[in-house]
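By convention here, the first residue in the shown sequence is residue 1. Bear in mind that the values here come from a model prediction, so they are computed numbers and not experimental data.
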Amino acid sequence: MNMDGTMTTQELADLFGYNLRRIQQLTKEGIIVQQSRNCYVLSDVVKGLVKLNLDLSDTIRQKNEQITALETEKPKAENPESDFDSLVAELCAKEFKDYTKGDLEKMKHLVDIRDRNMRYQERQGQLVRADEVADAAAEVAGRVRDRLYQMVFKLTPALAATINENEVETALSDEIESILKDLSA
């Protein structure tokens, strides 16, 4: 760098880790300004690069906001499942060699809508993963099994003292109702 705060194209490239072509491109785009041929004022270059980075950050932020909005909005197709199923039925009636580019693009579009619809339903709590359902069902089944085994130990002494069939039936029915009520809560 010279005493007056100016730098050559090569010095700028070395300082910022760019190649010469990138410095020339930034100059041509007006992002950095030359004082004269092969001469740049460092403070002006820094200001231009900071502005560029701020603009790029805003652009990235806006793109991220657009992506988030697209991911959270409800899919446009009224019923992507039936549209998809009817297209599949239509395509099944054709030979693969007869598929048009339009058929394949329509299928891709419907698959995209179907996928977005499923993600939307999952976020809304309307769709649950199969492994979560299986885990919950296994937990309920385990609780039912445990409670039924507990019932045997709880009722054995009371039932051993009676030989009345109605009392046994009533005791079993009452305990089963109690267990089901506890499990449904």
Side-chain angles (χ1 to χ4, degrees), residues 1-140:
M1 182 165 75
N2 297 330
M3 295 297 286
D4 60 356
T6 61
M7 299 182 86
T8 66
T9 307
Q10 184 62 55
E11 289 171 330
L12 279 179
D14 292 342
L15 178 66
F16 291 107
Y18 292 144
N19 60 34
L20 290 175
R21 180 70 192 118
R22 180 65 177 145
I23 297 294
Q24 292 165 351
Q25 181 184 21
L26 292 170
T27 303
K28 183 178 179 183
E29 292 173 3
I31 294 168
I32 59 176
V33 180
Q34 280 184 329
Q35 182 180 26
S36 60
R37 191 174 191 316
N38 197 28
C39 183
Y40 296 86
V41 176
L42 182 59
S43 61
D44 292 340
V45 171
V46 169
K47 287 176 191 173
L49 292 176
V50 167
K51 183 181 179 326
L52 172 67
N53 285 326
L54 290 173
D55 291 346
L56 289 174
S57 295
D58 284 344
T59 302
I60 291 168
R61 183 184 44 75
Q62 289 170 354
K63 290 288 184 193
N64 285 338
E65 288 171 357
Q66 290 172 350
I67 290 168
T68 301
L70 284 173
E71 287 179 346
T72 56
E73 76 178 8
K74 190 167 183 167
K76 301 288 187 247
E78 288 298 317
N79 191 348
E81 296 300 320
S82 65
D83 291 348
F84 184 80
D85 293 341
S86 58
L87 178 64
V88 169
E90 177 186 323
L91 292 176
C92 285
K94 294 181 176 181
E95 292 289 324
F96 181 74
K97 63 181 173 53
D98 297 330
Y99 285 4
T100 65
K101 184 178 180 183
D103 290 336
L104 298 176
E105 286 174 355
K106 186 174 181 183
M107 176 158 285
K108 181 191 180 310
H109 176 70
L110 289 173
V111 167
D112 290 344
I113 290 173
R114 187 180 202 182
D115 184 51
R116 282 198 332 251
N117 188 35
M118 290 177 72
R119 285 187 305 212
Y120 175 79
Q121 287 176 330
E122 186 174 6
R123 282 191 305 275
Q124 298 300 313
Q126 300 168 348
L127 195 62
V128 183
R129 294 174 36 135
D131 60 337
E132 292 173 4
V133 173
D135 291 346
E139 181 183 334
V140 169

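Separating the OH atom in Y40 from the CG atom in L15 is a distance of 13.5 Å, to the nearest 0.5 Å. Taking CD of Q10 as the reference point, atom CG of N19 lies at 9.5 Å (rounded to 0.5 Å). Note that the CZ atom of R21 and the NZ atom of K28 stand 6.5 Å from one another [nearest 0.5 Å]. Here the CG-OG1 distance, from L26 to T9, works out to 11.0 Å after rounding to the nearest 0.5 Å. Q34 contributes atom CD, which lies 10.5 Å from atom CD1 of I23 (distance to the nearest 0.5 angstrom).
Of all heavy-atom pairs between R22 and Q25, the closest is NH1-OE1, 3.0 Å.
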Could you go through residues 41-48 and list every donor-acceptor pair under 3.5 Å that involves a side-chain atom there, pairing it with any protein atom two or more places apart or in another chain?
none

Could you give the side-chain donor-acceptor pairs of residues 131-138 under 3.5 Å, partners two or more places apart or in another chain?
unit_1	atom_1	unit_2	atom_2	d
D131	OD1	R129	NE	3.1
D131	OD1	R129	NH2	3.4
D131	OD2	R129	NH2	2.8

Candidate pair L49 and Y18, rule side chain to side chain contact (heavy atoms under 4.5 Å, CB included), full reasoning: CA-CA 12 Å; L49 292 176; Y18 292 144; 4.2 Å; yes

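With sequence neighbours left out, the side-chain hydrogen bond (donor to acceptor under 3.5 Å, both in side chains) criterion links Q35 to no other residue.
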